[in-house]
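Report on the following structure.
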Amino acid sequence: MQKKIVIASVLKPVDDVRSFLKLSQSIAKTNKYEVNIIGNDSKNAIEISNVKFHRHQVSRNQWANRYFLRFRILRLISKIKPDLLIITDHELIGVAVISKFISGCRIIYDVQENYYLNLIGIKPSLLKTSYANLVRLKERLSSILMDKYWLAEQCYARELPFVKGKSLVIENKAFAVDHGPKKNRGNKAIFTGTISDYSKVDLALTCYKKLLQLDSNFTLQIIGQYHHDEVEKYLVNESKKLKGLSFNISKKPIPHSEIVSAITSATLGIISYQPNVVNRYKIPTKLYEYSRYQLPYLVQKDTYWSEIGKGLGGAMPIEFGNPDLEFIQENLKNSLKLFPKAYPREATWEFESKRIIKSIKKLIN
């Protein structure tokens, strides 16, 4: 009889790239476990034989609904009776602890964010600091009952003292899909992932204006998820003024296949993050994706990301405030020299997949 595993989240959709494509598919393909995903409904209708989906509907700003949803998730977990419960956000820590007392299941906390630092690191307020302290207290008090922590970033091992002795770094590397040869369509730049002030989409547009000086036929596609209406208004206004700018954005995550299609049809990626106390040692997933698909990309010079990117391949470190156009042009002409390896396995999920299976076997086999 197959042992049961539940991967649960409040806000993340059931087809979330990490929870579904990476974690659940790595586990399900072993044919040793029954895999269940509890998550937000998705705009994509997906049904596959080796994963059971349990959908709910709640939005980021529905605080009361999010709170009461935990009781519904607890009842569902009690009904499934999993051998292993994997939670992907702090909102389900209480649910996980109660589930452990009820069914004796093992718990893995898949830590994808340092919530405490996110809340107080940039523009702190009394309310944000109070909430951050509450989250950190909850994480500390529950640590004795957590069986394992999977850390999406290496820096979390230093930043989160409560994971000591129980952690395994499982980075958010590229989920590789074979899309055949690259389908380059002229000079096309892309900006993928979360669209926000934090990801510095404004700097990406400023850089694009400079790229138009290199080639007036350059285009820029922005594709990804946004959370604030101001972002959409900003891009609509900019698209009226900027030649060649297009965007495919949504308040729900864009299907991963569309992201990969954009990457494989582009000639240049833009990663315009600027280092701060929250992100300086976190590696954007798109850095791994661009390296994996051999897409050259612009990244802020003299950063942790630029050093990682040069090792994996594809990084073109620049100063976004004053990009060196000759440097960009020369590297685009000789882009293959940017990639020390034809297939950087260190950038792909398959490098992590085997490690999570070993981790699970130690807990429930």
Side-chain angles (χ1 to χ4, degrees), residues 4-29 33-77 79-80 82 85-92 95 108 110 112-113 150 152 170 172-177 179 190-196 199 221-229 231-232 247-263 284-286 289 349 353 356:
K4 297 179 181 180
I5 296 177
V6 168
I7 303 171
S9 175
V10 171
L11 287 176
K12 293 186 182 300
V14 290
D15 61 347
D16 173 68
V17 174
R18 183 172 174 97
S19 295
F20 171 56
L21 284 180
K22 296 177 180 178
L23 297 181
S24 81
Q25 291 301 285
S26 297
I27 297 167
K29 71 181 182 182
Y33 308 101
E34 176 192 303
V35 182
N36 296 263
I37 294 183
I38 300 173
N40 227 343
D41 200 6
S42 167
K43 68 177 184 178
N44 309 302
I46 54 168
E47 294 294 342
I48 59 174
S49 59
N50 60 357
V51 175
K52 296 180 180 180
F53 297 99
H54 308 272
R55 297 170 169 84
H56 54 251
Q57 287 190 332
V58 67
S59 64
R60 186 173 294 273
N61 60 354
Q62 293 177 322
W63 292 97
N65 289 351
R66 284 165 61 178
Y67 178 79
F68 289 109
L69 178 61
R70 301 175 199 187
F71 297 99
R72 178 181 163 191
I73 292 175
L74 177 60
R75 287 196 299 270
L76 179 56
I77 292 171
K79 184 178 178 180
I80 296 172
L85 172 60
I86 302 171
I87 59 170
T88 64
D89 57 57
H90 73 87
E91 292 185 64
L92 292 178
V95 170
I108 293 177
D110 183 36
Q112 300 179 25
E113 299 288 343
W150 288 347
I170 303 292
N172 248 335
K173 297 186 178 179
F175 184 80
V177 179
H179 271 242
I190 58 168
F191 181 98
T192 62
T194 303
I195 316 299
S196 66
S199 62
Q221 181 185 19
I222 297 176
I223 177 170
Q225 183 182 21
Y226 72 99
H227 299 300
H228 303 291
D229 293 335
V231 171
E232 183 180 29
F247 52 90
N248 174 13
I249 62 175
S250 171
K251 283 194 173 181
K252 289 191 174 183
I254 299 293
H256 186 253
S257 58
E258 293 183 27
I259 301 290
V260 174
S261 180
I263 292 172
T285 300
K286 57 186 170 183
E289 291 175 335
W349 176 253
S353 179
I356 72 166

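Predicted, not measured: the structure shown is a model, and the values here were computed from it. We use all heavy atoms of the structure for the numbers below, so side chains are in, but hydrogens, waters and symmetry mates are not.
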Polar side-chain atom of H56 near backbone of V10 as donor-acceptor pair, under 3.5 Å:
yes
How about Q25 and V51: do any of their side-chain heavy atoms sit closer than 4.5 Å?
yes
Indicate yes or no: at least one non-hydrogen side-chain atom of I77 is less than 4.5 angstrom from one of P82.
yes
Under 3.5 Å, side chain of K22 to main-chain N/O of K173, donor-acceptor pair present?
yes
Kindly determine whether K251 and Y226 satisfy side-chain contact (heavy atoms from CB on, under 4.5 Å), including the steps that lead there.
CA-CA 5 Å; K251 283 194 173 181; Y226 72 99; 3.7 Å; yes
NE2 on H54 to CD1 on I7, rounded to 0.5 Å:
11.0 Å
Salt bridge (charged side-chain N to carboxylate O under 4.0 Å, His left out) between D41 and K252: does it pass, once the steps are laid out?
CA-CA 10 Å; D41 200 6; K252 289 191 174 183; 5.6 Å; no
List the steps, then state whether side-chain contact (heavy atoms from CB on, under 4.5 Å) holds for L92 with I73.
CA-CA 9 Å; L92 292 178; I73 292 175; 4.0 Å; yes
How long is the gap from OG on S42 to CD on Q57, to the nearest 0.5 Å?
10.5 Å
Could you check if a side-chain atom of W349 sits within less than 4.5 angstrom of a side-chain atom of I170, using non-hydrogen atoms only?
yes
Are the side chains of L23 and W150 in contact, using a 4.5 Å heavy-atom criterion?
yes
To the nearest 0.5 Å, atom CD of Q112 lies from atom CZ of R18 at 5.0 Å
Between D110 and T88, is there a side-chain donor-acceptor contact under 3.5 Å, judged purely by atom types and distance?
no
Give a yes or no on whether the backbone of P255 and the side-chain of E258 come within a donor-acceptor separation of less than 3.5 Å.
no
Do I48 and F20 pass the side-chain contact (heavy atoms from CB on, under 4.5 Å) test, and can you show the C-alpha distance, the side-chain angles, and the key distance before you say yes or no?
CA-CA 11 Å; I48 59 174; F20 171 56; 3.5 Å; yes
Within-4.5 Å side-chain heavy-atom neighbours: L76 and I38:
yes
To the nearest 0.5 Å, tell me how far I263 CD1 sits from H256 NE2.
6.5 Å
To the nearest 0.5 angstrom, please state how far the CD1 atom of I254 sits from the OG1 atom of T192.
11.0 Å
Between E113 and D89, is a side-chain contact (heavy atoms from CB on, under 4.5 Å) present by the stated rule, with each step listed?
CA-CA 8 Å; E113 299 288 343; D89 57 57; over 6 Å; no
Looking only at non-hydrogen atoms, find the nearest pair between I356 and S26 and report the distance.
CD1-CB, 3.7 Å
Under a 3.5 Å distance rule, please check whether N172 uses its side chain to pair with a backbone N or O of P284 as donor and acceptor.
no
Can you tell me how far the CG atom of L74 sits from the CG atom of L69, to the nearest 0.5 Å?
11.0 Å
